[in-house]
Novice: 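Pasting a structure below so you can have a look.
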Amino acid sequence: MRVIVDKERCVAAGSCVITSPAVFDQNDEDGKVVLLIGSPDEKLRDEVLESVNVCPVGALSVAD
């Protein structure tokens with residue numbers, strides 16, 4: 001699994017950080033998403049997919 005982030009779309013809601021803190025963080029300056037792990041382990045799949053689903057602007061996606 002590969003995580004794809006569209007930082008231009010990100011509105012700094014922080015939902016991704018709440019649902020998958022091992023994979024996502026927020027920039028201290030603007031609050032936008034910071035990808036910590038671009039290809040997370042399979043054990044994080046459910047968390048990452050939840051982050052994709054809860055992002056209010058669709059800034060996150062995954063590719064297999």
Novice: Is any side-chain heavy atom of R45 closer than 4.5 Å to one of L49?
Specialist: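 Of all side-chain heavy-atom pairs linking R45 with L49, at least one is under 4.5 Å.
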Novice: For a quick test of reading the model, state the closest non-hydrogen atom pair linking G31 to A12 and the distance between them.
Specialist: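 So the minimum-distance heavy-atom pair works out to O-CB, 3.2 Å.
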Novice: When clusters are formed by joining ILVMFWY residues with side-chain heavy atoms under 4.5 Å apart, either directly or through shared neighbours, do V54 and V3 land in the same one?
Specialist: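 In one cluster with V54: V3, no.
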Novice: Counting distance only, does the side-chain N/O of E47 pair as donor-acceptor with the main-chain N or O of S20 below 3.5 Å?
Specialist: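 No; judged by distance alone, with no hydrogens or angles, the pair does not exist.
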Novice: Let me check something: do V62 and V33 share a hydrophobic cluster, defined by ILVMFWY side-chain heavy atoms less than 4.5 Å apart, either directly or through other members?
Specialist: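 Looking at the clustering, V33 is in the same group as V62.
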Novice: SG of C16 to CD of E50: how many Å apart, nearest 0.5 Å?
Specialist: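 Rounded to the nearest 0.5 Å, the SG-CD separation comes to 12.0 Å.
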Novice: Answer with yes or no whether the side chains of S51 and T19 bring together a donor and an acceptor at under 3.5 Å.
Specialist: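 Present: a donor and an acceptor within the cut-off.
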Novice: If hydrophobic clusters are built from ILVMFWY residues whose side chains come within less than 4.5 Å, do V57 and V23 share one?
Specialist: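 No, V57 does not connect to V23 through the hydrophobic network.
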Novice: So M1 and V48, do their side chains get closer than 4.5 Å, heavy atoms only?
Specialist: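 Yes, at least one pair of side-chain atoms sits under 4.5 Å.
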Novice: Given 3.5 Å as the limit, does a donor-acceptor pair link the side chain of D41 with the main chain of L44, or not?
Specialist: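 Side chain of D41 to backbone of L44, a donor-acceptor pair under 3.5 Å: no, none is there.
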Novice: Is any side-chain heavy atom of L36 closer than 4.5 Å to one of F24?
Specialist: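 No, too far: nothing below the 4.5 Å cut-off.
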Novice: Contact between L60 and I4 at the side-chain level, heavy atoms closer than 4.5 Å - yes or no?
Specialist: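 Side chain of L60 against side chain of I4, heavy atoms only: no contact under 4.5 Å found.
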Novice: Going by an N to O cut-off under 4.0 Å, is there a salt bridge joining K32 and D6?
Specialist: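 No salt bridge links K32 with D6.
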